[in-house]
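Some notes on the structure that comes next.
Chain A is the first sequence line, chain B the second, and so forth, proteins listed ahead of strands; every chain is numbered from 1. Fair warning: this is a prediction, and the values are worked out from it, not measured in the lab.
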Amino acid sequence: MILNVQRGIHEAIDGAIRQRFGVAEVPAFAVEVPPTRALGDLAVPVAFQLARALRKPPRAIAQELAGAVGAIPGVARIVAAPNGYLNLYLDRPSFLTARLRGEIAPDRGVQDKTIVEHTAINPNKAAHIGHLRNAALGDTLVRALQFRGTPVEVQNYIDDTGVQVADVIVGFRELERKSIDEVRQLAASPRFDYYCWDLYARVTEWYEGDRARLAVRAAALHDLEQGGNGTAEMGAAIVDAIVRTHLRTMARLNIAYDLLTYEGDIVRLKFWAHTFEILKAQGAVFLQTEGKLAGCWVMRIDEGAAADDEAAGDEESREKVIVRSNGVVTYVGKDIANQFWKFGLLGRDFRYRRFATQGGGRTLWATTSGESDPNAPPFGRARRIFNVIDSRQMYLQALLVQALKTLGHPEEAERSIHFSYEMVTLSHATARELGHRIDPDSDDAKKPFVEVSGRKGLGVKIDDLLDLLTTKATEEVARRNPDFTPDDCRRVGAQIAVAAIRYFMLKYSRGKLIVFDIEEALSFEGETGPYLQYAVVRAGNILNKLREREGVSEADVVASLEKAAPDELLEDGDDAAHNLWAVVFEASRLDEVVEQVVRSLEFSALAKYTFGLAQTFNAFYHRYPILNEERGDRKRWRAAGVAYVRAQLTRALDLMGIDVPARM
RNA sequence: GGGCCCAUAGCUCAGUUGGAUAGAGCGUCUGGCUACGAACCAGGAGGUCGCAGGUUCGAGUCCUGCUGGGCCCGCCA
């Protein structure tokens with residue numbers, strides 16, 4: 001953990017600048033990591049920034065500062081580099097021992113209650129890789145926030161009254177002629193989500209066969225929203241079963257939630273009606289009487305609502321329908337109500353029921369319109385909200401922010417964060433493997449990818465992908481570990497599968513469209529999750545052998561450092577000493593990386609950092625012996641380094657939802 | 001027409017408050033298992049950072065314009 005050191009350095013240099021140069025307004029400056037340890041552990045380029053104002057060359061400023069700064073806790077020395085950098089060298093032995101003894105806790109971040117909403121899969125079919133990116137990003141955000149001590153509530157929005165559910169109901173009725181009881185029976189089967197996946201695609205075809213059939217859908221949707229009828233009853237049965245399959249799938253990936261928010265409850269508990277009154281009272285919506293939107297309640301939106309501020313003078317404005325002319329509220333309206341509730345601005349609350357018990361005994365709650373469980377914890381009333389949704393919904397998310405602003409909640413608007421990312425598509429090769437045929441002369445064939453489509457039944461299901469990866473990993477584990485039971489192999493294989501897929505989803509920056517290729521995703525070598533696990537397992541093996549062969553535990557290693565000559569870690573040591581320090585130092589940067597990741601919402605940075613650390617560590621233990629090192633003091637410091645790197649790598653992997661097996 | 005995103009090695013991608021010699025994986029070529037398990041490591045080849053201007057002590061990174069590609073702008077969600 002390095003943030004505390006960086007903060008100390010920043011304060012000391014800031015003070016030195018004020019004192020030495022009489023500068024009242026010190027420019028914001030960075031404490032960075034130089035490209036190699038030979039150049040120092042941390043560096044400050046502030047002399048460049050001061051050069052103009054002080055009319056002195058950066059080099060001279062750096063030299064003066066180096067002399068003026070004085071002692072900084074943990075810093076061994078400060079050097080003014082010839083080019084103007086201030087380079088700082090840390091006190092290496094004390095740096096490592098303090099961290100191994102757990103004396104350095106991670107910095108606390110923002111303590112405001114934060115809601116992260118992610119996953120939000122339509123409950124009418126199996127979850128696919130598009131949903132996977134959402135959940136992987138969302139869950140990692142949750143873990144990163146928690147790492148910094150931020151209280152987080154994880155919500156999963158369930159659109160139980162939408163068209164997609166209506167479509168599956170239509171499928172059961174019109175195509176399968178199933179009764180509610182027959183549907184209930186089917187819903188009890190474990191692969192009900194797969195069943196609906198196919199049915200949903202068949203319904204889409206059925207509509208295409210005769211557009212008049214869309215009237216059936218409209219009627220089903222109407223009944224579903226209305227409630228208190230057979231359609232709604234069948235819908236509830238389908239939704240409940242599908243949601244549970246989604247939760248099982250996500251549980252395989254170590255993803256859990258605190259609350260399921262049902263859209264139906266927003267309607268039934270009159271959240272929408274209440275929000276509607278507020279919107280009307282504030283003049284945020286009005287009844288359009290002319291033109292093609294006559295009879296609709298609309299919200300006037302500035303063109304460029306997505307942009308930061310209202311580009312005044314822009315005559316261009318659109319009208320977004322919030323309530324249709326038939327009186328039915330749109331998705332946007334319900335979403336505004338939901339966002340208001342999340343901030344505690346609605347003046348009403350859901351009722352709650354226990355929905356399930358997740359891994360580790362964590363209770364999953366769900367909203368309800370029925371009796372509320374008196375033991376339900378307080379939900380909502382957040383200070384900050386992250387909505388994890390792909391970039392195609394940017395426009396809608398901008399509307400939410402605008403609604404908050406219009407209704408006099410600028411701070412909440414500011415704290416409504418759309419965690420946007422690009423979608424996942426399929427490579428042509430993978431689409432072909434799924435049986436998808438494209439006319440070679442069509443426009444689709446010319447595109448560099450194939451779009452996932454639940455409606456068409458085209459996509460890689462998460463469970464299929466996990467099964468494939470698990471099978472492959474399990475075979476590999478069995479081959480390498482003949483003493484493992486089949487159960488051991490399967491368990492470790494599953495952990496490896498999760499590592500592979502979660503790392504794969506995280507390693508691309510969020511602005512990058514992922515062209516998913518099954519061949520590529522199945523890899524366990526190179527920059528992959530299993531590579532990371534392997535590094536930690538090897539580190540663990542070294543420490544295990546140290547205990548088995550010599551009876552020296554990790555705690556013993558740490559305790560023995562006090563009496564060990566620290567040559568192995570000193571700056572004037574040999575290559576081995578430098579490489580040990582390099583890997584220890586890199587391992588300490590996790591908190592800094594998490595900070596950056598939460599600021600930028602760029603989780604690829606966490607993935608790349610972890611991979612780089614694993615790589616550095618792998619190279620280190622290949623090159624320098626630990627167990628077989630004959631000089632005792634050196635051995636102890638190296639073992640201590642291994643222990644620290646292992647602990648930090650394990651933490652980093654945990655942030656990505658990846659478990660570390662004891663062996664693999 | 002407007003908004004957002006992408007363009008860096010043969011392929012897939014990092015490089016994010018502008019900073020020290022442009023990196024990684026895959027592929028390719030060469031070498032390393034009598035073990036601290038090779039899901040690994042060492043090394044080689046491979047780059048006009050889409051193009052053109054501008055700002056700066058300094059630009060892959062910021063600004064402007066352009067080119068190519070993707071997504072969004074619905075009484076769907």
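Closest approach of A:Ile169 and A:Gly235 over heavy atoms only: CD1-CA, 3.6 Å.
Taking the six-membered ring for Trp and thresholds of 30 and 60 degrees, A:Phe504 and A:Phe516 have ring planes more than 60 degrees apart, a perpendicular arrangement.
Interface remark: the A:Ser391 side chain does not form any donor-acceptor pair with the B:C71 base, using a distance-only criterion of under 3.5 Å. Side-chain atoms of A:Asn618 and base atoms of B:A42 include no donor and acceptor less than 3.5 Å apart. A donor-acceptor contact under 3.5 Å links the side chain of A:Asn83 to the base of B:A20. No hydrogens or angles were tested; on distance alone, a donor-acceptor pair under 3.5 Å links the side chain of A:Arg480 to the base of B:A39.
The side chain of A:Gln49 contributes no N or O atom lying less than 4.0 Å from OP1 or OP2 of B:G18. Taking 4.0 angstrom as the limit, A:Tyr534 places a side-chain polar atom (N or O) nearer than this to OP1 or OP2 of B:A39. Contact annotation: A:Lys446 does not reach the phosphate of B:G70 (side-chain N/O to OP1 or OP2, under 4.0 Å). Of the side-chain N and O atoms in A:Tyr531, one or more sit less than 4.0 angstrom from OP1 or OP2 of B:C41. A sub-4.0 Å separation between OP1 or OP2 of B:U12 and a side-chain N or O of A:Lys512 is absent. The side chain of A:Arg324 places an N or O atom within less than 4.0 Å of a non-bridging phosphate oxygen (OP1 or OP2) of B:C76. The side chain of A:Ser509 contributes an N or O atom lying less than 4.0 Å from OP1 or OP2 of B:A14.
Looking at the side chain of A:Glu476, the nearest of the listed nucleotides B:C5, B:A39, B:C41 is B:A39.
Side-chain atoms of A:Glu422 and A:Ser391 form a donor-acceptor pair, as typed in the model, at a separation below 3.5 Å.
A:Leu546 comes within 4.0 angstrom of nothing in the nucleic acid, heavy atoms only.
On the P atoms, B:G69 is 29 Å away from B:C75, given to the nearest whole Å.
Spacing between atom CH2 of A:Trp297 and atom P of B:C75 amounts to 17 Å, rounded to whole angstrom units.
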* Worked check of side-chain hydrogen bond (donor to acceptor under 3.5 Å, both in side chains) between A:Tyr207 and A:Asp167 -> CA-CA 10 Å; A:Tyr207 291 144; A:Asp167 284 339; 2.7 Å; yes
